[in-house]
Protein chains: 2
Amino acid sequence: MSNFVAVKTGNIKNRKYHTIQDYIRKRIQTGKYPVGSYLPSENEICGQFGTTRTTVRKALDELLKEGFIEKEQGKGSKVLERRKSLGLLTVKGFSGSIDYKVKTVVTKGPKITEWNPVIAFSLTEEEKKSNCVYFQRVRYINDRPVVLENNWYASNELQLIDSDAFIEGSFFKTLSQNHFIEVMGAEQELRSIPASKEVAKNLGIQEGSPILHISVRFRTSKPGLNLYGDLYCNTTDYPIRNSYFL
Amino acid sequence: MSNFVAVKTGNIKNRKYHTIQDYIRKRIQTGKYPVGSYLPSENEICGQFGTTRTTVRKALDELLKEGFIEKEQGKGSKVLERRKSLGLLTVKGFSGSIDYKVKTVVTKGPKITEWNPVIAFSLTEEEKKSNCVYFQRVRYINDRPVVLENNWYASNELQLIDSDAFIEGSFFKTLSQNHFIEVMGAEQELRSIPASKEVAKNLGIQEGSPILHISVRFRTSKPGLNLYGDLYCNTTDYPIRNSYFL
DNA sequence: AAGTGGTCTAGACCACGCG
DNA sequence: GCGTGGTCTAGACCACTTT
């Protein structure tokens, strides 16, 4: 009898494992499966959705790839703190180390403006037609400014989010928990350049000293929504780190 | 009856999908499944190994993650050109674009020396005890020197490979095809620094102009073997690119 | 129509972690 | 010893691509 259910499963775009995957992801994003806790066992999930372990495991495998959970044999599937950053460039000391005091200050915006021409990537037609939301942040380590960061996104794709609403100062965390939007990938261009007068002033360094400039486009799970960034990093004391595993 | 076979499958460390995965990977590395060709169909592989599609698909899934193949629904599993570079930093234009003429020249070694203290990562005890193989390369784009690259690895882990033996000038390709060693991941530190006299001379630029310095440790599938790198990049005309997807 | 990969069922035994 | 995730069998139907 339950085979009739099976017949229904192969339907157009109604993949059962997607349903399970989306359900669990949303519960993680809204904190109903808190960070550090364990998901219900695979067999329990089978019961909840009337399916088999093969299908449940496929859903969990996807969440594993997305970085929401990790698996511990003999124990269960644990909800992870943050998404595992795969290849994301991070300032040494940012996120993780306790030896550093980290602070982020929003110095401009968010406000609606025209696109800024410094962006190293070509905008889509839809983005060109739209205005954009812009904001600027300065990141501090041990009370010294280390990164000056400009960000833009198309204002027709996402409302202006006030900086007061940033969860723990993080724009991405806000996107995930309040809008269910996730970062799917990114492209970056890195250059070594002399510091301009404005950058030098913001980072408290000499004009012309070597600065790492990063231009980045983040792609998100919301089609058409990209986040563009323009970062100026003083790497003298805190180099940029990037680790990845296959 | 055939269930008795199932009983045997769960054995210690003899995962059937690993056997299949290793077999296919080795055939790809040695060119028996040439780049661009299609693997035998999943059902054929089932026949060859006396197993079911679930197991074969698990093996192919792993090869997919490792970047050796891609899947095309309705057609088959295709052998990929190179391993998909996940988060690897590459000079814009290197590997892929036809607009650039790329050349690599080995300027020093390979030869056996002492470890160089510039390496930003701490060596393992085994590495400290061993001498190391060192070589230096300069990478050109359109006949202009763009990257000066120093490399080291522990000489007790891998014999000295003569630069003449580098397949297409690539050390990693040589490792894969002749030694079945793959890169499993890497850690990198990036800094923006003024060019030293030696770097300036090698890259044909002014002493003191901003240079991107990358210190990298590649981890390989051979336990204990790491490859260390020390790169100086002139990013004025060719920025460094880094893209990744989840 | 035939062949390929994608999804799914309904079981089974194994290795691991913990009380 | 029991529950958890890890591996595997032996089938089935679906969607996509090509002949």
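Lettering of chains follows the sequences in order, A, B, ..., and the numbering in each one begins at 1.
When rounded to the nearest whole Å, the span between CG of Asn14(A) and P of dC8(C) equals 9 Å. In this structure, NZ of Lys58(A) is placed 18 Å from P of dG5(D), rounded to the nearest angstrom. Atom pair Ile20(B):CD1 and dT9(D):P shows a separation of 8 Å (rounding to whole Å applied). Protein atom CZ of Arg15(A) is 16 Å distant from nucleotide atom C1' of dC13(D), rounded to whole Å. In this structure, CG of Asn43(B) is placed 15 Å from P of dC13(D), rounded to the nearest angstrom.
Tyr38(A) comes within contact range of no nucleotide atom at all, as no heavy-atom separation falls under 4.0 Å. Residue Thr54(B) is in base contact, counting any heavy-atom pair closer than 4.0 Å across all strands shown. Heavy atoms of Thr52(B) sit under 4.0 angstrom from at least one base atom.
Between Lys75(B) and Ser77(A), the residue whose closest nucleotide on DNA chain D is further toward the 5' end is Ser77(A). Projected onto DNA chain C by closest heavy-atom contact, Glu72(A) and Arg53(A) fall at different nucleotides, the more 5' of which corresponds to Arg53(A).
Listed nucleotides dG6(D), dC8(D), dT7(C) differ in distance to Arg57(A); the shortest reach to its side chain belongs to dG6(D). Comparing dG5(D), dT4(C), dC16(D) by their closest approach to the side chain of Lys71(A) singles out dG5(D). The nucleotide whose nearest atom lies closest to any side-chain atom of Thr55(A) is, among dC8(D), dC8(C), dG17(C), dC8(C). Counting only heavy atoms from C-beta on, Gln73(A) has its side chain closest to dA15(C) among dC8(C), dA15(C), dC13(C).
Cation-pi contact between Lys75(B) and Tyr38(B): absent, since separation from the ring centre below 6.0 Å together with deviation from the ring axis within 45° is not met.
With Ile24(A) as the partner, the side-chain contact (heavy atoms from CB on, under 4.5 Å) test is satisfied by one option alone out of Ile45(A), Val79(A), Ile69(A): Ile45(A).
A tilted orientation is assigned to the rings of Phe171(B) and Phe135(B), their planes being inclined by 30° to 60°. Using cut-offs of 30° and 60° on the angle between ring planes, the pair Tyr228(A) and Phe121(A) is tilted.
For Lys16(B) and dT9(D), the shortest distance from a side-chain N or O to OP1 or OP2 is below 4.0 Å. A sub-4.0 Å separation between OP1 or OP2 of dC8(C) and a side-chain N or O of Tyr17(A) is absent.
Salt bridge annotation for Lys58(A)-Asp61(A): absent, with no cationic side-chain nitrogen under 4.0 angstrom from a carboxylate oxygen.
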